[in-house]
Amino acid sequence: MIVIVRAFKPGDETGCTKLIRDSVMSSLGATFCGMLFKEVTFQLMILLSAIMFIFFGMPLTICLLVVPVVVVLMYVGTYVSFAAKLTEINEEVANIPRLYMSNAFSRFWVAEAFEPHLMTRHPKEVHYTIMTEEQFRQANISVSSQAKKIVGTVALCKSYRSDRSAWIKRLCVHEQYQRKGIASCLLNITVQFAIDAGYSCANIVASEYTEEGRELCLKKGFELKQIYHKSILGSYITILMYELTYRIKPTEDDYISGMDFQKEFLNQF
C-alpha cells in the first residue's frame, strides 16, 4: 500500500476540507482543558462567587453554581472561536487554485493513500510506502483497482512580512495515518520547494497543544523564532503559539547586522 505526495488538483477540495476540519477540531478538547485548568480560570470562579456572596447576599450553594456556568461559557467561547476558524479555512480551501497554484512561489500538496476497496486491517497496523508523484511515475505501479483517500495536506505561500520568507500552512495528517512518515515527507517537499523558489527562510506556527508537530519540525532543522499568546476569546482565553523558522540563506537583516558588528569591532582598534 502506498501514499503519494502530489500537488493539489481540482477535485481535491472535498477531501482537503474534511481533513483540515477534523484536524482543527481534534485540538478543541485539549485547548478547552488547557484553558479550564489555568490559574486565571480559578481566580474568575472565586471572584464571581465572592461577589455574589458578599454583595448580593446569595447562599453559598447558589454561589457555587458559578463553577459550572464558567465552564460552560468557556467551552462555548472556545467552540465559537474554532467554528470561526473553520469558516476561514473553508473559504481558503475553496480558493486553493487562486491562492496557492497560480504562481511559482506558492504551492499546495496533498498526501493520497491507495488501499484496497475492502480494507480488512486498520491503517495504524499497515505499513505504507511513501513516495512523490515523480517516484510513483518511475515505479510504474498500477493503482486502478484501489480506493484513494486524502490523508495529509500542506501548503506554502509568500510571507506578508517579506517577499524573501515563506509561510508553511495547513500541515496536517489524518489521525489514523500518523507516525508513518507522511508529515515528514510533506515537510521535506515544502522546504525543498522553498529552497528552489529562492526563499531565505520558511516559517511555521504551532500551538502549545501540538507538541508532536513541533518536535518533528525541530528534528527537521527548524529553530524557535518567537513565542507569543494568541487570543481565542478576547484577552482572557489565549493559547501559547510557537513560531519556528527554517533558515535557508542569510537574510538582508542578518547581513546588515553582520556589517554593523564588523564596524563596531574595527572601531575598537
Side-chain angles (χ1 to χ4, degrees), residues 13-95 122-124 150-155 167-179 183 204-217 224 226-244:
E13 292 87 353
T14 302
C16 291
T17 300
K18 185 179 186 305
L19 176 63
I20 297 174
R21 181 190 66 220
D22 292 345
S23 177
V24 171
M25 296 306 291
S26 66
S27 61
L28 173 63
T31 303
F32 167 67
C33 290
M35 296 298 102
L36 190 61
F37 290 102
K38 285 188 175 181
E39 183 179 355
V40 67
T41 303
F42 294 102
Q43 291 175 348
L44 179 62
M45 291 177 180
I46 294 172
L47 177 62
L48 293 177
S49 298
I51 291 175
M52 293 174 63
F53 182 76
I54 297 173
F55 294 97
F56 296 95
M58 294 185 177
L60 183 59
T61 54
I62 300 297
C63 296
L64 291 178
L65 292 176
V66 166
V67 175
V69 170
V70 170
V71 171
V72 171
L73 289 177
M74 183 171 296
Y75 181 83
V76 171
T78 306
Y79 185 88
V80 168
S81 175
F82 272 67
K85 184 64 176 178
L86 288 180
T87 301
E88 176 187 335
I89 290 174
N90 290 338
E91 183 177 352
E92 179 182 324
V93 173
N95 290 281
H122 195 280
K124 289 185 177 181
I150 292 178
V151 298
T153 62
V154 71
W167 280 109
I168 298 175
K169 304 173 65 179
R170 308 306 171 219
L171 175 61
C172 60
V173 176
H174 192 287
E175 182 183 6
Q176 297 178 353
Y177 295 81
Q178 294 176 2
R179 298 179 179 275
I204 188 171
V205 173
S207 76
E208 59 183 303
Y209 305 111
T210 56
E211 184 176 354
E212 291 185 2
R214 296 200 311 273
E215 291 298 326
L216 174 62
C217 291
L224 180 62
Q226 66 171 327
I227 302 175
Y228 62 93
H229 286 89
K230 180 181 178 181
S231 173
I232 296 295
L233 188 64
S235 59
Y236 174 64
I237 302 180
T238 62
I239 58 176
L240 201 60
M241 304 297 292
Y242 297 81
E243 182 178 338
L244 308 172

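- With rounding to the nearest 0.5 angstrom, the CG atom of Leu171 is 7.5 Å from the CG atom of Leu216.
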(Q) Apply side-chain contact (heavy atoms from CB on, under 4.5 Å) to residues Phe82 and Arg21 and explain how you reach the verdict. (A) CA-CA 10 Å; Phe82 272 67; Arg21 181 190 66 220; over 6 Å; no
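- Residues that satisfy the salt bridge (Lys or Arg N to Asp or Glu O under 4.0 Å) test with Glu88, not counting sequence neighbours, are Lys85.
- Side-chain contact between Tyr242 and Glu211: absent, with no pair of heavy atoms (C-beta onward) separated by less than 4.5 Å.
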Q: Check the pair Val70, Tyr75 against side-chain contact (heavy atoms from CB on, under 4.5 Å), reporting the backbone distance first and the verdict last.
A: CA-CA 9 Å; Val70 170; Tyr75 181 83; over 6 Å; no
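- Taking a 6.0 Å sphere around CD of Gln226, one finds it holds more than 12 heavy atoms contributed by other residues, nucleotides or ligands.
- With a 4.5 Å cut-off on side-chain heavy atoms, Arg179 and Glu212 count as touching.
- Thr210 places no side-chain N or O within 3.5 Å of a backbone atom of Ala206 that could act as its donor or acceptor partner.
- Residues Ile227 and Met241 are not in side-chain contact: their nearest non-hydrogen atoms beyond the backbone lie 4.5 Å or more apart.
- Arg214 places no side-chain N or O within donor-acceptor distance of the main-chain N or O of Leu224, the cut-off being under 3.5 Å.
- Partners of Glu92 by salt bridge (Lys or Arg N to Asp or Glu O under 4.0 Å), not counting sequence neighbours, listed by chain and number: Lys169, Arg170.
- Between Ile20 atom CD1 and Thr153 atom OG1 the span is 4.0 Å, to the nearest 0.5 Å.
- Atom CG of residue Asn90 and atom CD of residue Glu13 lie 12.0 Å apart, to the nearest 0.5 angstrom.
- The shortest side-chain heavy-atom distance between His174 and Ile150 does not fall under the 4.5 Å cut-off.
- Between Ser207 and Leu240, the closest side-chain pair of non-hydrogen atoms is not below 4.5 Å.
- Using a 4.5 Å heavy-atom cutoff, the side chains of Tyr177 and Leu19 are not in contact.
- Side chain of Thr78 to main chain of Met74: a donor-acceptor pair is present (N/O by atom type, distance under 3.5 Å, no hydrogens or angles).
- Rounded to the nearest 0.5 angstrom, Ser81 OG and Leu28 CG are separated by 9.5 Å.
- Looking at Ile46 and Ser49, their side chains never come closer than 4.5 Å, going by heavy atoms from C-beta outward.
- Note that the CE atom of Met52 and the CE atom of Met58 stand 4.5 Å from one another [nearest 0.5 Å].
- Between Val205 and Tyr228, the closest side-chain pair of non-hydrogen atoms falls below 4.5 Å.
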